Amino acid sequence: MPDRDLEVGPALLDWYDRHRRVLPWRSAPGAASDPYAVWLSEIMLQQTTVAAVKPYFAAFLAAWPTVRDLAAAPLDDILKAWAGLGYYSRARNLHACARAIVDQHGGRFPPDEVGLRSLPGIGPYTAAAIAAIAFGQRAVVVDGNVERVMARLCAVEEPLPAARPRLHAAMNRVTPQSRTGDFAQAVMDLGATICTPRSPACVLCPLIALCDARRLGLQADLPRKSKKAKVPQRGGAVFIVHRSDGCVLVRQRPPEGLFGGMTEFPSTPWTEQHDAEHSPTRPVGLEKLEGPFVPVGTVEHGLTHFHLTLHVYAIRTDRQSFEGCRWIAVDALAGEALPTLMRKVARFAQGLNSETSTLANTPEPEPQITLPVQSDCPKINLPHPKSQAPNEFRTRHMPQRGRSRTTPSA
DNA sequence: GACCCGTGGGA
DNA sequence: TTCCCAAGGGT
């Protein structure tokens, strides 16, 4: 049905001209877009919601208005600004990509898919998106939205991810020769607002007359997906080592892997058979640390491949140095490259710093030490290194502390 | 293809 | 509560 394929482009572009979302990284209709802004937004939007990206996009653009500014920045500044957004390899690749643009491409983005694809952090989707949106190239842009829309439009019943080649081919057939960038964003807007994963709003859809799934009544069942195994549980102990001057001990994660390059509180490895009752094992580098360990609560955190329970211990010490660690004032934690997981831990650090530890002086009836730390997690997010970034990030309240303990629990 | 890699919001 | 999912990329 090649006629149908030709109708999709005009129908969708017409809809896009009337209903496109207004987003900070989008240029005005018809205006040229800044490749740097397009690239930055595309990297941030990988597996990340528009709402989560907005404040980070604004902060980055304010701090580093051009790719040269970004390339000149220390990686750690970028990690600090990225903290909380997740998938931190994106930030490392962002930095590497900016440097490659400056060092190998004269400070300009390659205007074609092949050139873009060779840069760190730019895969098939992002290369196509930048080529189409920023450079007006005809490219087949396929992300999760596009896959869903194509699966429904063409009633592809083969489950993902096996159906990918078929869905890419469908997008290729439907992509017009001109306004490719607008078309790609139109499909994504449609997927985000109408052709949604659950209960699609077909009555509002500009493609309703062209949609095979709708015709067959399959729209709610597509795309099919192979189901995923549930995530395992892991646990560990994390230590807030604090001095009387209000400093706590932190260290950097290894440069690659989980939370690579980010700041953390020293902790044991996170294992599947962590025993909370067991005496807390000192992390590598803290072997000389002496008790008493004061259990101050637990932190729950969901990650992509496992769920983590961290048992938090506070330890007072006068030792001046620990292998691979550094001291930092509790008040300065907000400016650190702390991932959200560690910001949850950081909540327990506040109030531990005074000479008369509040832990020893606030008797509470509650026998439980475990504290709920859930959705209202720590927005201890940072002011920005260079600019004074938008102050939508700020520390909130302190967690309530459980019963006081002054004796070693281990 | 299979895994790894974060986080927050909605149903 | 639990599960799903969001403008994916790297290995």
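A quick note: this is a predicted structure, and the numbers were derived from the prediction, not measured. Note on naming: letters A, B, ... go to the chains in the order of the sequence lines (proteins, then strands), and numbering restarts at 1 for each one.
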Under a 4.0 Å threshold between the charged nitrogen and the carboxylate oxygen, would R21(A) count as salt-bridged to D189(A)?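 Here D189(A) pairs with R21(A) in a salt bridge, since their nearest N and O are under 4.0 Å apart.
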
Before accepting this row, confirm whether a basic side-chain N of the pair R251(A)/E264(A) lies closer than 4.0 Å to the acidic partner's carboxylate O.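 Looking at E264(A) together with R251(A), the answer is yes, because their closest N to O distance falls below 4.0 Å.
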
Donor-acceptor check, side chain of H95(A) to backbone of A73(A), threshold 3.5 angstrom: yes or no?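 Yes; judged by distance alone, with no hydrogens or angles, the pair exists.
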
Classify the nucleic acid contact of L23(A) as base, sugar-phosphate or nothing, counting any heavy atom under 4.0 Å across all strands shown.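 The residue L23(A) makes base contact.
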
Classify the nucleic acid contact of W39(A) as base, sugar-phosphate or nothing, counting any heavy atom under 4.0 Å across all strands shown.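 Here W39(A) touches no strand at all.
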
Between protein and nucleotides 1-6 of chain B, map the contacts as a letter string: B base, S sugar-phosphate only, - none, heavy atoms under 4.0 Å, written 5' to 3'. ---BBB

Do the side-chain N and O atoms of [X] and [Y] include a donor-acceptor pair separated by under 3.5 angstrom?
X	Y	value
N93(A)	R90(A)	no
Y125(A)	E42(A)	yes
T175(A)	N172(A)	no

Just the rounded figure in Å: distance from [atom2] of [N] to [atom1] of [X].
X	N	atom1	atom2	result
L45(A)	dG8(B)	CG	C1'	15 Å
E256(A)	dG9(C)	CD	P	18 Å
M262(A)	dT7(B)	CE	C1'	12 Å
H307(A)	dC3(C)	NE2	C1'	12 Å
L338(A)	dT7(B)	CG	C1'	15 Å
K230(A)	dT1(C)	NZ	P	16 Å
R198(A)	dG9(B)	CZ	C1'	10 Å
M188(A)	dA6(C)	CE	C1'	12 Å

Taking the nucleotide of DNA chain C with the closest heavy atom to each, which residue, P120(A) or S41(A), is nearer the 5' end?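 Its nearest nucleotide being more 5', the pick is S41(A).
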
Check the angle between the aromatic planes of Y36(A) and F109(A) and answer parallel, tilted or perpendicular using the 30° and 60° thresholds.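 Y36(A) and F109(A): tilted rings.
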
Can you label the angle between the H301(A) ring and the F259(A) ring as parallel, tilted or perpendicular, going by 30° and 60°?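 Rings of H301(A) and F259(A): tilted, 30 to 60°.
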
Among residues 140-153 of chain A, which ones have heavy-atom contacts with DNA chain C below 4.0 Å?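 The stretch gives D143(A), G144(A), N145(A), R148(A) as the residues lying under 4.0 Å from the strand, ordered by number.
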
Sorted by number, the residues of residues 121-132 of chain A with heavy-atom contact under 4.0 Å to DNA chain C: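 DNA chain C contact set from residues 121-132 of chain A: G121(A), I122(A), G123(A), P124(A), Y125(A), T126(A).
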
Rounding to an integer number of angstrom, what distance separates dG6(B) and dT11(C) when you compare their P atoms?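 My reading of the P atoms in dG6(B) and dT11(C) gives 14 Å.
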
How far does the P atom of dA7(C) sit from the matching atom of dC4(B), given to the nearest Å?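 Straight-line distance between the two P atoms is 24 Å.
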
I want to check something: taking the side chain as every heavy atom from C-beta on, are [X] and [Y] in contact at a cut-off of under 4.5 Å?
X	Y	answer
P206(A)	D14(A)	no
H19(A)	I194(A)	no
I101(A)	W39(A)	no

What about the rings of F293(A) and F239(A), do their centers lie closer together than 6.0 Å?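 Yes: the rings meet the under 6.0 Å criterion.
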
